[in-house]
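Here's the structure, in C-alpha cells; my notes come after.
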Amino acid sequence: MKASQASWMAACLLVYSSSSWAVHKCVGADGKVAYQEAPCSSTAKTAESLKLDQVPPTTPRDSRINAAIATSKIVVGMTAAQARRSWGAPTKINRSVGSYGSHEQWVYDRGGFKSQYVYVENGVVTGVQSPE
C-alpha cells in the first residue's frame, strides 16, 4: 500500500459515523484511481470496496485524543504516532537518548521565524510550545 493510500485510510478510520460505511476504490476510464465514500459512477470501474465499522473510543481519554487529532491539535498524553497524525512530520527532530530513556524535541517551522515545539519522552507527548 502506498504512503498516500495508507494516510488516506488512516484518516478514514478517524471519521465516526452513526453506522458502518464503505470506502470504494474506483478506476476511471483514464486509469486514474480515486477513493471515495460514494459508490463508483457508472463510467468508473469498482476495483474494491472496503466496509468500515465504527469503532467507538474505549475511554474518555481516547475520545479527547481523537477529537484533538480531528481538529489538528496536539495534547499531552498522545503517542508520537497520534501527534504525527495530527500535525504531520516535524521539520526537525532534536533527540537525546540516555539511561533515562528517549527525549525528543520536534520542531515545526511555521514560517516568519516562528516555530512550534512538541516534546516527546519515550514515545509519549509531554509538552507543546507555541509562539504567542
Side-chain angles (χ1 to χ4, degrees):
M1 183 178 289
K2 294 180 182 177
S4 62
Q5 293 172 340
S7 60
W8 188 88
M9 292 300 287
C12 287
L13 293 174
L14 291 175
V15 176
Y16 290 98
S17 63
S18 60
S19 61
S20 63
W21 54 285
V23 175
H24 304 277
K25 179 180 176 183
C26 305
V27 181
D30 58 358
K32 290 186 180 180
V33 176
Y35 294 89
Q36 59 193 42
E37 192 174 333
C40 301
S41 68
S42 59
T43 59
K45 177 181 141 194
T46 302
E48 62 184 284
S49 294
L50 175 64
K51 186 174 181 180
L52 302 174
D53 290 322
Q54 179 183 3
V55 179
T58 56
T59 66
R61 179 182 169 275
D62 291 341
S63 294
R64 181 177 62 93
I65 288 176
N66 288 340
I69 292 169
T71 57
S72 298
K73 293 187 170 128
I74 292 184
V75 295
V76 171
M78 281 183 161
T79 65
Q82 291 166 331
R84 282 183 184 266
R85 279 199 307 259
S86 187
W87 279 9
T91 308
K92 180 180 176 184
I93 297 177
N94 299 313
R95 181 177 292 124
S96 62
V97 179
S99 60
Y100 49 82
S102 169
H103 296 267
E104 297 177 343
Q105 177 193 49
W106 293 7
V107 182
Y108 288 86
D109 182 10
R110 300 302 189 199
F113 302 104
K114 293 184 180 180
S115 294
Q116 289 179 292
Y117 302 92
V118 176
Y119 298 93
V120 179
E121 293 185 20
N122 299 316
V124 178
V125 174
T126 59
V128 181
Q129 180 182 355
S130 296
E132 297 181 76

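Worth knowing before you read on, the calculation uses all heavy atoms, side chains too, and leaves out hydrogens, waters and symmetry mates. Small disclaimer: the values here were computed from a predicted structure and weren't measured.
Remark: Glu121 CD to Ser96 OG distance equals 8.5 Å, nearest 0.5 Å. With rounding to the nearest 0.5 Å, the separation of CE in Met78 from CZ in Arg84 is 13.5 Å. A distance of 11.0 Å separates CD1 in Ile74 from CD1 in Ile65, rounded to the nearest 0.5 Å. Summarising the geometry, atom NZ belonging to Lys92 is positioned 9.0 Å from atom OH belonging to Tyr117; distances are rounded to the nearest 0.5 Å.
In terms of heavy-atom proximity, Ala80 sits nearest to Val120 at CB-CG1, 4.3 Å.
In this structure, the side-chain hydrogen bond (donor to acceptor under 3.5 Å, both in side chains) partners of Gln116, at least two apart in sequence or on a different chain, are Arg110, Ser130.
Side-chain contact between Ser86 and Ile69 is present, with heavy atoms from C-beta onward closer than 4.5 Å. For the pair Val75/Val125, no side-chain contact is recorded, criterion being any heavy-atom separation below 4.5 Å from C-beta on.
Looking only at distances, a side-chain donor or acceptor of Asn122 sits under 3.5 Å from a matching main-chain atom of Ser102.
Residue pairs meeting the ring-ring contact (aromatic ring centres under 6.0 Å, His included) criterion with at least one partner in residues 68-112, sequence neighbours excluded, are Trp87-Tyr108, Tyr100-His103.
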